[in-house]
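Data first, discussion second: the structure below is written as structure tokens.
For this chain, numbers begin at 1 and follow the sequence in order. We use all heavy atoms of the structure for the numbers below, so side chains are in, but hydrogens, waters and symmetry mates are not.
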Amino acid sequence: MTLETDDPDGFFGESVAASYDSDSGNAEPGQVDPVVACLARLAGAGRALEFGIGTGRIALALARRGVPVHGIELSRAMLARLAEKPGGAELEVTVGDFSSTVVPGRFTVVYLVFNTIMNLTTQDAQVDCFRNAAAHLAPGGSFVIEVMVPRLQRLPIGERFVPFHVGAQHWGIDEYDVVNQGLVSHHVRFGAGRQERTAVPFRYVWPAELDLMARLAGMTLSGRWGGWRGEPFTASSASHVSVWSTPATPG
């Protein structure tokens, strides 16, 4: 299934941005705190760069820990929500595509969370993202990605759809294209006179494929866990947090 949009904010325009924090279900302190703890440890005394900063769910909490944060974001609708939050207007943000946009300086950690690597819907764009991350990192710096493991084990042969959430106000169904490594996330929302359907395209990507992208960008895998608290990554893990590092001395 091929989707197109003429919204300058892409698939994360006003209709998505307006309810993004509540719909994502990942803005609670219990979800955010372990992410921030991990990123703050990797950042050390340096700076952090978030690819796809969105509404600032992670960046604001990381900045409150004393880590200087710069963000790159394509959607102005998402950035408008960020600017409305306490401290949001003070963050340095550059509008652009995080696979190619360049910002000044070097960072000790570049991070890309909540499946956002899959917003890049071609392999070439995902490879460019790794190269862009490496170009922004100081020697010995870390590139961190949090992303789902494709749920193909739940997909019977010949089927395309996997429900991931069925509730009173939200239905979520993933549609897989296993030939082209594509994924469309369908959302239907109800309640208070509201009935809305959205569909967002992704390109799912395997851990080993990400490792090869990192290698092409001159980085090597330094850690992989099943979650932000350092849980083991196993065959049954639904997602992973992976860290790749640049050489400690310039090559």
Problem - Hydrophobic cluster (4.5 angstrom, side-chain heavy atoms) - remaining members for Phe161 - result: Ile173
Exercise for the section: Please identify each residue that fulfils side-chain contact (heavy atoms from CB on, under 4.5 Å) with Trp228, with sequence neighbours left out. Expected result: Pro34, Val35, Cys38, Leu39, Val113, Val144, Glu146, Val241
Practice task
Examine Leu212 and Val149 and state if one hydrophobic cluster contains both, with Ile, Leu, Val, Met, Phe, Trp and Tyr joined whenever side-chain heavy atoms are less than 4.5 Å apart.
Solution key: no
Handout entry: Partners meeting salt bridge (charged side-chain N to carboxylate O under 4.0 Å, His left out) with Glu84 (sequence neighbours left out)
Key = none
Practice task
Evaluate the side-chain proximity of Gln123 to Val205: yes if any heavy-atom separation is below 4.5 Å, no if none is.
Solution key: no
Handout entry: Test salt bridge (charged side-chain N to carboxylate O under 4.0 Å, His left out) applied to Arg47 - qualifying residues, sequence neighbours left out
Key = none
Exercise for the section: Please tell me if the side chains of Ile72 and Glu50 come closer than 4.5 Å, counting only heavy atoms from C-beta onward. Expected result: no
Problem - His186 ring center near Phe164 ring center (under 6.0 Å) - result: no
Problem - Heavy-atom side-chain contact between Val147 and Met118 under 4.5 Å - result: yes
Practice task
Please confirm whether the backbone N or O of Arg203 pairs with a side-chain atom of Gln126, one donor and one acceptor, at under 3.5 Å?
Solution key: yes
Handout entry: Worked verdict on His240 versus Met148 for side-chain contact (heavy atoms from CB on, under 4.5 Å)
Key = CA-CA 6 Å; His240 63 97; Met148 63 174 279; over 6 Å; no
Practice task
Kindly determine whether Lys85 and Thr55 satisfy side-chain contact (heavy atoms from CB on, under 4.5 Å), including the steps that lead there.
Solution key: CA-CA 9 Å; Lys85 296 179 178 181; Thr55 62; 3.5 Å; yes
Problem - Side-chain (Ser237) to main-chain (Phe233) donor-acceptor, under 3.5 angstrom - result: no
Problem - Pairs where residues 65-111 contributes a residue and the test ring pair (Phe, Tyr, Trp, His ring centres under 6.0 Å) is met, not counting sequence neighbours - result: Phe51-Phe98
Problem - Residue pair Glu73 / Val95, side-chain heavy-atom distance below 4.5 Å - result: no
Practice task
Under the side-chain contact (heavy atoms from CB on, under 4.5 Å) rule, collect the residues that match up with Asp211, sequence neighbours excluded.
Solution key: Leu221, Arg224, Trp244
Handout entry: Sub-4.5 Å side-chain heavy-atom contact between Leu210 and Ser242
Key = no
Practice task
If you link ILVMFWY side chains whenever their heavy atoms are less than 4.5 Å apart, which other residues fall into the same cluster as Val102? By chain and number, please.
Solution key: none
Exercise for the section: Please check if the side chain of Thr108 supplies one atom and the backbone of Gly44 the other of a donor-acceptor pair under 3.5 Å. Expected result: no
Exercise for the section: Answer yes or no: is there a donor N or O on one side and an acceptor on the other, between the side chain of Ser142 and the main chain of Leu42, under 3.5 Å? Expected result: no
Handout entry: Where at least one partner belongs to residues 155-169, residue pairs that pass side chain to side chain donor-acceptor pair (under 3.5 Å), sequence neighbours excluded
Key = Arg160-Glu175, His165-His170
Practice task
Taking side-chain contact (heavy atoms from CB on, under 4.5 Å) as the test, write out the residues that go with Ala217, two or more places apart.
Solution key: Phe130, Arg131, Ala134, Met219
Exercise for the section: Decide yes or no for Val184 and Asp177: does some side-chain heavy atom of the first lie under 4.5 Å from some side-chain heavy atom of the second? Expected result: no
Problem - Other ILVMFWY residues reachable from Val188 by side-chain steps of under 4.5 Å - result: Val166, Trp171, Phe190
Exercise for the section: Could you tell me which residues satisfy salt bridge (charged side-chain N to carboxylate O under 4.0 Å, His left out) with Arg151, sequence neighbours excluded, listed by chain and number? Expected result: Asp174
Practice task
Give a yes or no on whether the backbone of Ala135 and the side-chain of Arg106 come within a donor-acceptor separation of less than 3.5 Å.
Solution key: yes
Problem - Test side-chain contact (heavy atoms from CB on, under 4.5 Å) applied to Ala125 - qualifying residues, sequence neighbours left out - result: Leu120, Thr122
